[in-house]
Amino acid sequence: GLQFHHGGRRVQIRFADDGSLLPLWEDNLSVSDTLVLTTETRHATDEQAEYVLREVGRAIAPFASPDSDGNPPIILFKKIDSTLRGNWAAEVAALQTMAGLAIVAPAFPATGRTTLDGRVWVNGQPLESTDTWQLEHAGRCADIDGLLAEAGLRTAPLKLEVLRGDVEALAEHIHAAARSGVQALIVDAQTVQDLRILAQVTLKLDQPLYWVGSGGLAREIAQLAGLPDALSDGLPAAAQAPILALVGNEMVRNRRHDQN
């Protein structure tokens, strides 16, 4: 939730195992609020993580489309680690049926983590060559497409030349991917500006989708969605909604305890 807080949003934290999952909006969140729901699945098995995220998906399904009063659907952000730690691919797959196209962008350029050709690079080195990857995934490939395919998702790339090209062509590229049955779009991003463009364009789409990313993309989403100047930036009413951020790391609970 730190990136959303830095983006000017009020952040609330709840936990999937403490009875606070429903009702999610009992505190009447405003459009500039972010609800961080931690599932504490970072170190669970793929099967356990998938089960928890499917339960979360069922709970938030009523908020995934406009309600009878015309309120827009929630903006769903699945937080993942920029070095792909944990069982994030299983979690993304568990949410996809309910949430639509997954926009997968783990890059965090401010910390040296970028993506190119569907792979993560850490300070210019392939993720597979880092100690971080070897500690959890020794012997496995860090190919984002392969990891998502193992989880049962059909993927397609969003290359830099498309991301940095004409914005209308970029929007059509995303729509076309969804129409063709793609379930996860893997985004190359080398700079903060790349992530900013991605946020600006995808928040304007009427295509059912959700965002999968690290703190880099979270910051760009937070600085746009639901803020008072969003309409003047050309964002539609659908972008004027609370953000629900799903976090798998148990450190969120520890940090809240430290603050109490």
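Along the sequence shown, residues carry numbers from 1.
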Under the 3.5 angstrom rule, does the side chain of [X] hit a backbone N or O of [Y] as a donor-acceptor pair?
X: D166; Y: A169; answer: yes
X: Q183; Y: R154; answer: yes
X: D46; Y: A90; answer: no
X: S214; Y: P106; answer: yes
X: Y210; Y: V92; answer: yes
X: T155; Y: A184; answer: no
X: E220; Y: L198; answer: no
X: T41; Y: A44; answer: no

Which pairs pass ring pair (Phe, Tyr, Trp, His ring centres under 6.0 Å) with one or both residues in residues 127-160, sequence neighbours excluded? W133-H137

Just verifying a value: how many Å separate [X] [atom1] and [Y] [atom2], rounded to the nearest 0.5 Å?
X: W211; Y: I103; atom1: CH2; atom2: CD1; value: 8.0 Å
X: I174; Y: K204; atom1: CD1; atom2: NZ; value: 12.0 Å
X: H43; Y: R85; atom1: NE2; atom2: CZ; value: 8.0 Å
X: T111; Y: N123; atom1: OG1; atom2: CG; value: 8.0 Å
X: T38; Y: L246; atom1: OG1; atom2: CG; value: 9.5 Å
X: L209; Y: Q96; atom1: CG; atom2: CD; value: 11.0 Å

Apply side-chain contact (heavy atoms from CB on, under 4.5 Å) to N87 and T45, showing your working. CA-CA 7 Å; N87 35 40; T45 66; 5.6 Å; no

Same cluster for [X] and [Y] if Ile/Leu/Val/Met/Phe/Trp/Tyr side chains link at under 4.5 Å?
X: V182; Y: L158; result: yes
X: L148; Y: M98; result: yes
X: V162; Y: L101; result: yes

Could you check whether any side-chain heavy atom of [X] comes within less than 4.5 Å of a side-chain heavy atom of [Y], counting everything from C-beta outward?
X: L163; Y: D188; result: no
X: P109; Y: L195; result: yes
X: Q48; Y: L53; result: no
X: V104; Y: L185; result: no
X: R164; Y: Q190; result: yes

Taking only residues at least two apart or on different chains, which pairs with a member in residues 120-136 satisfy salt bridge (Lys or Arg N to Asp or Glu O under 4.0 Å)? R119-E128

I would like to know whether V212 and F77 meet side-chain contact (heavy atoms from CB on, under 4.5 Å); could you show each step before the answer? CA-CA 6 Å; V212 179; F77 186 91; over 6 Å; no

Check against side-chain contact (heavy atoms from CB on, under 4.5 Å), T114 and V120: CA-CA 6 Å; T114 59; V120 174; over 6 Å; no

Polar side chain donor-acceptor pair, T130 to T132, under 3.5 angstrom: no

Go through V187 and T115 one step at a time and tell me if the side-chain contact (heavy atoms from CB on, under 4.5 Å) criterion holds. CA-CA 7 Å; V187 183; T115 47; 5.7 Å; no

Check A199 against I221 and note the closest heavy-atom contact, atom names and distance. CB-CD1, 3.8 Å

Is it true that atom CD of E161 has more than 12 heavy atoms of other residues, nucleotides or ligands lying nearer than 6.0 Å? yes

Chi angles and distances behind the salt bridge (Lys or Arg N to Asp or Glu O under 4.0 Å) call for K79, E91: CA-CA 10 Å; K79 170 70 167 57; E91 296 179 330; over 6 Å; no

